[in-house]
Protein chains: 2
Amino acid sequence: MLENRPLYLQARDALMRQIAEGTLQPGDFLPSEQQLAATLGISVGTVRKATEELVAQGILDRQHGRGTQIVPHTSDRSRFRFFRFIHPDGRQARLTARLLTRKTQNPNREEQLRLSLSKNDQVIVITRARSENGVPLVFERICIPAKRFERLSVESDRDMVEEIYVLYQKQCGEMVRSATDEIEYDLASSSVSKELKIAAGSPVLLVKRVAVSLANEPLEFRQSWTQALRYRSHLE
Amino acid sequence: MLENRPLYLQARDALMRQIAEGTLQPGDFLPSEQQLAATLGISVGTVRKATEELVAQGILDRQHGRGTQIVPHTSDRSRFRFFRFIHPDGRQARLTARLLTRKTQNPNREEQLRLSLSKNDQVIVITRARSENGVPLVFERICIPAKRFERLSVESDRDMVEEIYVLYQKQCGEMVRSATDEIEYDLASSSVSKELKIAAGSPVLLVKRVAVSLANEPLEFRQSWTQALRYRSHLE
DNA sequence: GAGTGGTCTAGACCACCCA
DNA sequence: GGGTGGTCTAGACCACTCA
C-alpha cells in the first residue's frame with residue numbers, strides 16, 4: 001500500500017473492484033476479517049472500517065458468526081427496497097416481468113440527455129409488462145446504451161422473477177450504485193392502456209429512473225407506468 | 001452505564017436525548033471527543049462510534065480541527081434531502097411555507113389508521129401553501145396528534161422558511177427519524193386548485209407521508225398536492 | 001502551539017453460528 | 001469448540017483550525 005490515501009479507502013476500493021470485475025461474485029463470502037487483514041497487511045479494525053460503508057450501501061451483508069457475504073441482489077427487494085409498487089388499496093405488490101419487445105435503435109432527445117449519449121450512439125429499448133398473479137400492474141420501457149450491453153440476452157419465453165439489474169451485472173459486469181427517480185402523472189397511451197388493461201387516457205403515474213454505475217456513469221433510463229406506488233425513505 | 005446494551009448505543013441515545021430535549025441546541029458544538037469520553041467513562045473510540053451514526057443521519061457535523069457541531073437543520077435540505085419538489089421543466093424548487101388554517105378536531109378514519117389513534121383522540125390539522133418566489137407549488141395538509149403537540153405554535157404572520165420538523169423538535173421535543181411516502185394521482189379539489197392556481201379537477205400528484213419518531217411511533221400524517229417531484233434514492 | 005477530529009494499531013473479551 | 005463478526009480499550013501519530 002504505497003498510496004497516501006487512507007488505507008481503509010484503498011481496501012474498500014480494492015474490494016469494490018473485485019466485486020465489479022466479478023472476481024468476487026454476489027452470494028460469495030469474503031475471507032474473514034482476520035484473513036483480509038493479514039492479506040492486505042493492515043489491521044482488523046481498518047478492514048472493518050473498509051467494509052462498513054459497503055455494508056451501509058447494501059453491497060455487503062455481515063452476518064454475526066457466519067461471515068461477510070456479497071449481497072446476492074436477485075430482486076428489487078435487495079438493492080432497491082426503498083421503492084415499491086403498491087395496489088390502490090395499500091397492499092404491496094410482488095411482481096414478475098414479461099418481455100414484450102426488444103429493439104436496437106437510435107436514442108431520442110430525452111434518451112440522449114438522460115444517458116449522456118450522442119444521437120449516433122445506439123440504444124437497446126426493452127418493453128416489459130410486470131404483473132402479480134397474472135394481473136398487470138406496471139408497464140415498463142427500459143433504455144440502455146447498446147455499447148455497454150451488447151451481451152445482454154433477455155429470455156422472452158418465460159416470466160422473469162429476477163430483477164434486470166442482476167442480468168446487467170451477471171452478463172455485462174455493470175453494477176448499479178444508485179438511482180434517481182422522478183415522478184409525474186401521465187395519461188395512458190394506447191400501449192400502456194392495453195397492457196395495464198385500463199381505458200386509454202386514464203390517469204397514471206409515470207416514474208422516470210436514471211440508474212448510474214459504480215463510476216457514476218448513467219447505465220439505464222427507465223420509464224414505468226403504474227397506478228400507485230410507495231417509497232420508503234431514510235431507513236434507520 | 002449499567003445497562004447491558006452496547007456502550008456506543010447508550011452514548012448515542014444519551015446525545016440524542018440531549019438534542020431532543022434542547023440541552024444541546026442546533027448550532028452548538030459538542031464537547032471534544034476526549035472530554036466526552038472522560039465524562040461518560042468510556043474510550044474515545046466508543047465515543048466516535050456513537051457519533052458516527054448521528055453524523056451519517058445528518059444530525060451532527062464533524063469538522064476536522066474545529067469540533068463536532070449539531071447541525072442547524074433549518075430546512076428540509078438537511079434531513080429530508082432525498083425528496084424534492086421539482087418544476088415541470090426539471091428545475092428544483094426552493095420552497096417557503098405559508099400557514100392557511102389550523103384546527104383541532106377528531107381524526108377521520110384514515111388519520112386514525114395512519115397515526116394509530118382512536119376516534120376520540122384529537123388531532124391538530126394544519127394546511128399550508130408552499131411556494132417559490134410567490135408562485136404556489138405545493139398545497140399541504142398536516143395532521144398530528146394533539147396530545148403530543150399541545151405546545152406547538154405556528155406563526156401565521158410570515159412565511160416559514162424552516163421545515164416544520166424543526167418546530168416539532170424545538171417546541172415539543174419530537175424528533176423525526178424516518179418517513180414513508182406513498183404517491184398517487186388525484187384530481188385537484190376546490191381548495192387545492194385555488195391554492196395552486198390551477199383548474200379544479202386538474203390531475204395532480206398526491207404524496208402521503210407518515211413520519212415516525214425515534215421510538216417508531218407515528219408522529220405526522222401529511223398529504224401534499226403538487227404537480228411534479230423528484231426522489232433521489234440510495235446516495236453514495 | 002494547543003486543541004480538535006482522522007487514521008491506525010494490537011490487542012481483549014463477548015455473542016453467535018455451525019459442525 | 002473453532003471460527004466468525006461485535007464491542008471496547010488505550011494508546012500512537014497525523015492533519016487541520018485558529019489564535
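Within every chain, numbering begins at 1; the chains are lettered A, B, ... in the order of the sequence lines, protein sequences first and strands thereafter.
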Strictly distance-based, threshold 3.5 Å: is any side-chain N or O of A:Q10 a donor or acceptor partner for the main-chain N or O of A:R5?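 Yes, because the side chain of A:Q10 sits within donor-acceptor range (under 3.5 Å) of the backbone of A:R5.
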
Whole angstroms only, please: what is the [atom1]-[atom2] distance between [X] and [N]?
{"X": "B:R62", "N": "C:dT4", "atom1": "CZ", "atom2": "C1'", "answer": "12 Å"}
{"X": "A:D61", "N": "D:dT4", "atom1": "CG", "atom2": "P", "answer": "17 Å"}
{"X": "A:K49", "N": "D:dG5", "atom1": "NZ", "atom2": "P", "answer": "19 Å"}
{"X": "B:L40", "N": "D:dT9", "atom1": "CG", "atom2": "C1'", "answer": "15 Å"}
{"X": "A:E33", "N": "D:dG2", "atom1": "CD", "atom2": "C1'", "answer": "16 Å"}

With a 4.0 Å cut-off, would you call B:R209 and B:E220 a salt bridge?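 Salt bridge flag = no for B:E220 with B:R209.
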
Please list, for nucleotides 17-19 of chain D, all pairs of protein and nucleotide N/O atoms separated by less than 3.5 Å.
{"unit_1": "D:dC18", "atom_1": "OP1", "unit_2": "B:R66", "atom_2": "NE", "d": "3.4"}
{"unit_1": "D:dC18", "atom_1": "OP1", "unit_2": "B:R66", "atom_2": "NH1", "d": "2.8"}

For the side chain of [X], starting at C-beta, report the closest nucleotide among [options].
{"X": "B:P6", "options": "D:dC8, C:dC8, C:dG6", "result": "D:dC8"}
{"X": "A:R48", "options": "D:dC8, D:dT7, C:dT7", "result": "D:dT7"}
{"X": "A:S32", "options": "C:dA10, D:dC8, D:dG5", "result": "D:dG5"}
{"X": "A:S43", "options": "D:dG5, C:dA10, D:dT9", "result": "C:dA10"}

Sequence-distant partners of A:F139, ring-ring contact (aromatic ring centres under 6.0 Å, His included), two or more places apart: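 Testing A:F139 for ring-ring contact (aromatic ring centres under 6.0 Å, His included), a comparison that skips the adjacent residues, returns A:W225.
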
Closer to the 5' end of DNA chain C via nearest nucleotide, is it A:G45 or B:Q34?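 Whichever sits nearer the 5' end wins; that is B:Q34.
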
Listed by chain and number, what are the side chain to side chain contact (heavy atoms under 4.5 Å, CB included) partners of B:S32, not counting sequence neighbours?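 Partners of B:S32 under the side chain to side chain contact (heavy atoms under 4.5 Å, CB included) test: B:Q34, B:Q35.
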
Is B:Q35 touching bases, backbone alone, or none of the nucleic acid, heavy atoms closer than 4.0 Å?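 The residue B:Q35 makes sugar-phosphate contact but no base contact.
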
Taking A:L30 as the fixed residue, which of A:V47, A:L36, A:L54 is the one that meets the side-chain contact (heavy atoms from CB on, under 4.5 Å) rule?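 Between A:L30 and the candidates, side-chain contact (heavy atoms from CB on, under 4.5 Å) is satisfied uniquely by A:L36.
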
If you compare all heavy atoms of B:A97 against all heavy atoms of B:R128, which two are closest, and at what distance to 0.1 Å?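 Taking B:A97 first and B:R128 second, the nearest heavy atoms are CB-NH1, 3.5 Å.
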
